[in-house]
Amino acid sequence: MAMVSIDLDMKRVTNEEFLKKANDCMPVLKETLVHPSAIVKIQDNESSYPDVSIVDSAEHLSDYPMKKGDKLYLDFGGHQVGYVTLRLSSTGSPQDSPAYFRLKFGEIAREMEERSQDYDGWISQSWIQEEFIHIDVLPAELKLPRRYAFRYMEIEVIDTSLKWQMVVDEVACTSVSAVDTASVQPFQTQDELLQKIDRAGIRTLQNCMQRVFEDGPKRDRRLWIGDLRLQALANYATFRHYGLVKRCLYLFAAQTREDGRVSACLFTEPKLVADDTFFADYSLFFASILLDYYEETKDIDTLCDLAPCAYRQVELVRQMFDERNLIQGEGSTTNMWCFIDWTEGLDKQAAAQAVYIYCEKRAQKIAEILGDAATADDMSTDLSLKSEAAFRHLWDNEKQLFVSGTHRQVSYASQVWMVLAEVVDAEAGGKLLDRVTALNPEKGMVSPYMNHHFTEALLMCGRKEKALEYMKFYWGGMIRLGADTFWELYNPQNPSESPYGSSIVNSYCHAWSCTPAYLLRKYF
Ligand code: RAM
């Protein structure tokens, strides 16, 4: 499945003043020196998740001289994002040949078992964190230039010679993040699973908070707007690093398409470049992130600066509606005009209609706060039309559910977004969610992103018990499989699923999965 909403001829416009404001908020990264906690063995078992057992303390690393074919697996005791240094030497006869070895880094143990040679997915194989290294003269200190996201590290000696062995004297990681977990109080509960879920959520967020809110420090290592929205909410409930949210908002507004459309993601190195990928929902979320930020900080200057960009997203997506006031995408086969979820074959029309309503409500509120009555009135009129159209054309009276597209597809996503957009009230919303859960339609939810929205919809409708149970089932499912940070994709029915054709390139510390840290603090 490839992204189709790409504008290859995109012309970009840059607002230098916004770019300066974004760069003024550049965080200074905090550094922590971390050593591996253990030498471990990773062993296949019946499930698709291998067992990890401790072989020795990592302090005894130099007791394991390595010759051709030898391997060592190190466990850093938790997920790290950082720069790795190795101190190496030799033992035996003089070093009569270069040391030649392979290093591999994995966020979860399963990744260490997956072979990069077998990779056959549609995104770049270069995301696999693996290096082949020659060292001519030992002893040496090897400072790897790349940043890795990992918990496990494998060292495999490809060759020394018959006469000498390589010794690993020390391995260390300088871990980096814009924030420090010491500033966050754990969520108060006696429930051990919930404590673990909260801890993993916070760690996920921390490790994604770098010079921008990255979606995943392993991949794609960049700022995506859909992820930013959830990270910002979780950040308000935990680290409260407002400067980073402000920076990211200014970055999106600093470079847009010529017509003002905000890209789905952007790159900041070597300099700011807005990507040529667009999703209707992602552009619209600019308005909701801006309002959330204002409500949290009361930073009226930023609101004034960026409100026009928020209004523009609504205006542009408004052009995608037909004369019935129904949003029109590109059908269910090439359906990446709007993101919503990775679910294959998901018809996104109803969910997109609801996301539009959700975001236009927020843009309208911004206009009200700023006293822009004309914009607020115009949006109010439009909101009634779009909500009416949702009921007239997307509501199935017989099924008592919202349906999507020409094939009137039933999915979780359509109901969830109609609830979040408050197209229905909490009481009707609760029943809608009960109904869709009982029906369990074929078009399920695969990403923690969509599962977050489902959980938040339950909470908005007062289904607290059910939401808690669901969090323990869904995010708890990852914990039970050994997660200490939450994954980009987790489908309990198919734990090795990947949207990319192979799970070796999946990210296992992924921004949009961190939200239990927010949901627990906001609703419990
Ligand atoms: C993936 C990213 C990101 C998400 C997009 C739509 O490539 O990792 O999290 O926002 O897809």
Side-chain angles (χ1 to χ4, degrees), residues 1-7 79 81 107-108 111 121-129 149 201 204-205 207-210 212-235 245 248-249 251-252 261-268 274-286 288-289 313 329-330 334-344 346 348 351-352 355 359 413 417 445-453 475 478 485-491 497-515:
M1 182 207 303
M3 305 240 182
V4 296
S5 196
I6 295 175
D7 180 352
H79 188 275
V81 178
E107 297 186 298
I108 62 167
E111 238 176 306
W122 63 269
I123 61 170
S124 178
Q125 173 174 345
S126 61
W127 290 115
I128 301 169
Q129 307 182 100
T204 304
L205 179 61
N207 284 0
C208 293
M209 288 176 74
Q210 301 293 334
V212 293
F213 280 96
E214 294 182 13
D215 60 332
K218 169 184 157 190
R219 206 222 78 244
D220 303 325
R221 302 169 63 143
R222 62 175 165 254
L223 178 59
W224 283 87
I225 206 160
D227 303 67
L228 171 62
R229 175 170 151 268
L230 300 186
Q231 282 170 303
L233 292 172
N235 172 45
V245 183
C248 294
L249 279 165
L251 283 173
F252 274 112
R261 178 99 186 255
V262 162
S263 295
C265 70
L266 54 80
F267 305 88
T268 48
D275 195 22
D276 51 11
T277 300
F278 297 91
F279 300 138
D281 47 351
Y282 274 32
S283 299
L284 287 165
F285 284 139
F286 186 85
S288 78
I289 302 167
Q313 307 318 306
E330 288 150 30
T334 53
N335 67 355
M336 291 307 280
W337 58 281
C338 180
F339 177 65
I340 307 293
D341 195 10
W342 279 118
T343 311
E344 286 272 0
L346 179 70
K348 298 175 177 175
V355 171
C359 293
W417 273 108
M445 305 178 281
V446 294
S447 65
Y449 174 78
M450 187 61 225
N451 279 279
H452 159 83
H453 291 121
W475 282 271
M478 288 184 255
T485 50
F486 290 124
W487 309 343
E488 168 180 25
L489 192 110
Y490 171 59
N491 180 356
E497 187 163 321
S498 169
Y500 311 114
S502 165
S503 59
I504 191 169
V505 291
N506 282 15
S507 149
Y508 294 96
C509 172
H510 212 72
W512 66 22
S513 319
C514 73
T515 58

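As the structure lists them, so they are numbered: ligands from 1, and atoms in each ligand from 1.
Applying the side-chain contact (heavy atoms from CB on, under 4.5 Å) test to Ala232 and every residue at least two apart in sequence or in another chain returns Tyr236, Val245. Legend: residues meeting side-chain contact (heavy atoms from CB on, under 4.5 Å) with Thr268, ordered by chain and number and at least two apart, are Val212, Arg247, Leu251, Leu266.
Side chain of Trp475 to main chain of Cys514: no donor-acceptor pair is present (N/O by atom type, distance under 3.5 Å, no hydrogens or angles). Side chain of Gln231 to main chain of Glu214: a donor-acceptor pair is present (N/O by atom type, distance under 3.5 Å, no hydrogens or angles).
The proximity of Trp512 to ligand 1, defined as any non-hydrogen pair under 4.0 Å, is limited to the side chain.
Below 4.0 Å from some heavy atom of Asp215 lie the following atoms of ligand 1, by number and element: 2 (C), 3 (C), 8 (O), 9 (O). Each of the atoms 1 (C), 2 (C), 7 (O), 8 (O) of ligand 1 lies under 4.0 Å from some heavy atom of Asp220. Near Phe279, meaning under 4.0 Å from one of its heavy atoms, ligand 1 places the atoms 6 (C). Residue contact check: Tyr500 has heavy atoms under 4.0 Å from atoms 1 (C), 7 (O) of ligand 1. Close approach to Tyr282 involves these atoms of ligand 1, each under 4.0 Å from a residue heavy atom: 4 (C), 6 (C), 10 (O).
The distance criterion of under 3.5 Å between nitrogen or oxygen atoms is not met by Trp224 with respect to ligand 1. Annotation: Trp342 places no N or O atom under 3.5 Å from an N or O atom of ligand 1; distance criterion only.
In this structure, a donor-acceptor pair under 3.5 Å is absent between the side chains of Ser263 and Asp275.
Side-chain rings of Trp224 and Tyr449 stay apart, their centers remaining 6.0 Å or farther from each other. Centroid-to-centroid, the aromatic rings of Trp512 and Phe213 stay 6.0 Å apart or farther.
Ligand 1 does not have Tyr449 within reach: every non-hydrogen atom of the residue lies 4.0 Å or more from it.
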